[in-house]
Amino acid sequence: AQPVTLTGDLMCAHCTLKEEGVTKCQDVLVVGSEGAQEKYYLAKNDVSDKFGHVCKDKKKVTVTGTVQDKDGKHWIEATKIENA
């Protein structure tokens, strides 16, 4: 998979978005505008751990990494996360 760079709002799928079926904190990058949003769930790795979790807030970030589709969701394995 080719690396991609995406900019959007990093939020918690559980605490902020209150997603059904999500029972614990999970960072998700929301890209696009209202009505045309894509969600990219952040895979846990050293890069995401070092950046830190965004719980009841949102943070504008740029994430570089590889995207993989699993269980009907986009997952991004970050190689770099920066504040946008």
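Numbers here are sequence positions counted from 1. Here the structure is a predicted model, which is why all the values come from computation and not from measurement.
Note on Val47: it clusters hydrophobically with Ile76, by side-chain heavy-atom contacts below 4.5 Å among ILVMFWY residues. Leu10 and Val22 fall into different hydrophobic clusters, where Ile, Leu, Val, Met, Phe, Trp and Tyr side chains are chained together by heavy-atom contacts under 4.5 Å. Cluster membership for Phe51 and Val4, using ILVMFWY side-chain heavy atoms within less than 4.5 angstrom, is shared.
Taking a 6.0 Å sphere around CD of Gln37, one finds it holds more than 12 heavy atoms contributed by other residues, nucleotides or ligands. Counting heavy atoms of neighbouring residues, nucleotides and ligands inside a 6.0 Å radius, atom CG of Asp46 does not exceed 12 of them. Within a 6.0 Å sphere centred on NZ of Lys80, other residues, nucleotides and ligands contribute 12 heavy atoms or fewer.
Checked by atom type and distance alone, the side chain of Asp27 pairs as donor or acceptor with a backbone atom of Val54 at under 3.5 Å. Put simply, the side chain of Asn45 gets close to the backbone of Ala78: a donor and an acceptor are under 3.5 Å apart.
Shortest non-hydrogen contact noted between Val63 and Val61 is CG2-CG2, 4.0 Å. Tyr41 approaches Ala13 most closely through the heavy-atom pair CE2-CB, 4.1 Å. Minimum heavy-atom separation, Cys25 to Lys44: O-NZ, 4.5 Å.
Thr5 has its side chain within reach of Thr62: a pair of non-hydrogen atoms, C-beta onward, lies under 4.5 Å apart. You'll find the side chain of Val28 stays beyond 4.5 Å of the side chain of Leu42, heavy atoms only. Put simply, the side chain of Thr7 does not reach to within 4.5 Å of the side chain of Leu29, judged on heavy atoms. Looking at Cys12 and Lys56, their side chains never come closer than 4.5 Å, going by heavy atoms from C-beta outward.
Residues Thr64 and Thr79 bring no donor and acceptor atom of their side chains to less than 3.5 Å of each other.
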Please assess Lys59 against Asp9 for the test side chain to side chain contact (heavy atoms under 4.5 Å, CB included), listing each intermediate value before the final yes or no. CA-CA 5 Å; Lys59 200 179 269 190; Asp9 292 317; over 6 Å; no

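From Gln68, atom CD reaches atom CH2 of Trp75 across 10.5 Å, with rounding to the nearest 0.5 Å. For the atom pair CE (Met11) and SG (Cys55), the distance works out to 13.0 Å, reported to the nearest 0.5 Å.
Across Glu19, His14, Glu20, a single residue satisfies side chain to side chain contact (heavy atoms under 4.5 Å, CB included) together with Leu17, and that is Glu19.
The aromatic rings of His74 and Tyr40 sit parallel to each other, their planes meeting at less than 30°, with 60° as the upper class boundary.
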